[in-house]
Amino acid sequence: MNAFMKKVYEIVSRIPKGKVATYGQIAALCGNPRAARVVGWAMRHAPEHLALPCHRVVNQSGRLAPDDVFGGQHIQREMLLQEGIPFRENGCIDIKKCLWIPGQSDRMVP
DNA sequence: CGCGTGACGTCTC
DNA sequence: CGAGACGCCACGC
């Protein structure tokens with residue numbers, strides 16, 4: 001477990017409810033904008049005791065994880081829906097409307 | 001140290 | 001918008 005992975009877990013754990021982050025975004029926050037794949041790898045091998053909100057992490061297109069990860073995309077979709085994440089009709093989330101911007105955190109603007 | 005792998009990202013067609 | 005190709009980086013062997 002190197003510093004990068006550690007930061008990945010730390011950042012993911014800071015994603016506020018109702019917001020989502022992209023792999024590339026997390027990788028960039030860790031200092032490696034091109035390590036998006038590693039972020040995905042980190043999620044797959046994430047220690048359970050960290051209780052990471054990995055369902056709030058999606059790719060740039062707003063696509064969810066493959067079916068064999070959460071036990072089906074519908075599981076992840078349900079969790080996101082409960083948090084108020086808007087979904088599109090094609091099964092992807094509206095990434096532009098719920099993207100997490102570090103610093104804004106939980107500050108909501110009416 | 002090289003090679004294969006992957007929950008990615010961007011570009012083309 | 002879907003599919004393919006290429007680059008990228010950490011990990012396991």
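Convention: sequence-line order gives letters A, B, ...; per-chain numbering from 1.
The distance between atom CZ of A:Arg63 and atom P of B:dT10, rounded to the nearest whole Å, is 17 Å. Across the protein-nucleic acid pair, A:Asn2 atom CG and C:dA10 atom P stand 7 Å apart, rounded to whole Å. What separates OH of A:Tyr23 from C1' of C:dC8 is a distance of 16 Å, to the nearest Å. Distance A:Met5 CE to C:dG12 C1': 13 Å, rounded to the nearest Å. We find that CG of A:Asn59 is positioned 13 Å from P of C:dC1, with the value rounded to whole Å. Residue A:Glu89 contributes atom CD, which lies 15 Å from atom C1' of C:dC1 at whole-angstrom precision. Rounded to an integer number of Å, the gap from A:His45 NE2 to C:dC11 P is 10 Å. Rounded to whole Å, the distance from NZ on A:Lys7 to P on C:dC9 is 16 Å.
For A:Lys6 and A:Glu10, the salt-bridge test fails: no basic side-chain N is under 4.0 Å from an acidic carboxylate O.
A close approach under 4.0 Å does occur between a side-chain nitrogen or oxygen of A:Asn32 and OP1 or OP2 of C:dA10. An OP1 or OP2 oxygen of B:dA7 is reached within less than 4.0 angstrom by a side-chain nitrogen or oxygen of A:Arg44.
Considering only side-chain atoms of A:Ala36, the nucleotide from B:dC8, B:dA7, C:dA10 that sits closest is B:dC8. Distance from the side chain of A:Val38 is smallest to B:dG6 among B:dT10, B:dC8, B:dG6.
Nearest-nucleotide mapping onto DNA chain C: of A:Asn90 and A:Phe4, the residue sitting toward the 5' end is A:Asn90. Both A:Ser61 and A:Trp41 sit near DNA chain B, but only A:Trp41 has its closest nucleotide nearer the 5' end.
With a 4.5 Å cut-off on side-chain heavy atoms, A:Thr22 and A:Val57 do not count as touching. Residues A:Cys92 and A:Leu64 fail the side-chain proximity criterion, which asks for heavy atoms closer than 4.5 Å. Looking only at side-chain heavy atoms (C-beta outward), A:Arg44 and A:Val69 come within less than 4.5 Å of each other.
Counting atom types as modelled, A:Arg37 pairs a side-chain N or O with a base atom of C:dG7 as donor and acceptor under 3.5 Å.
Partner assigned to C:dC8 is none, using Watson-Crick or G-U wobble distances below 3.5 angstrom.
Checked by atom type and distance alone, the side chain of A:Gln76 never pairs as donor or acceptor with a backbone atom of A:Gly71 at under 3.5 Å.
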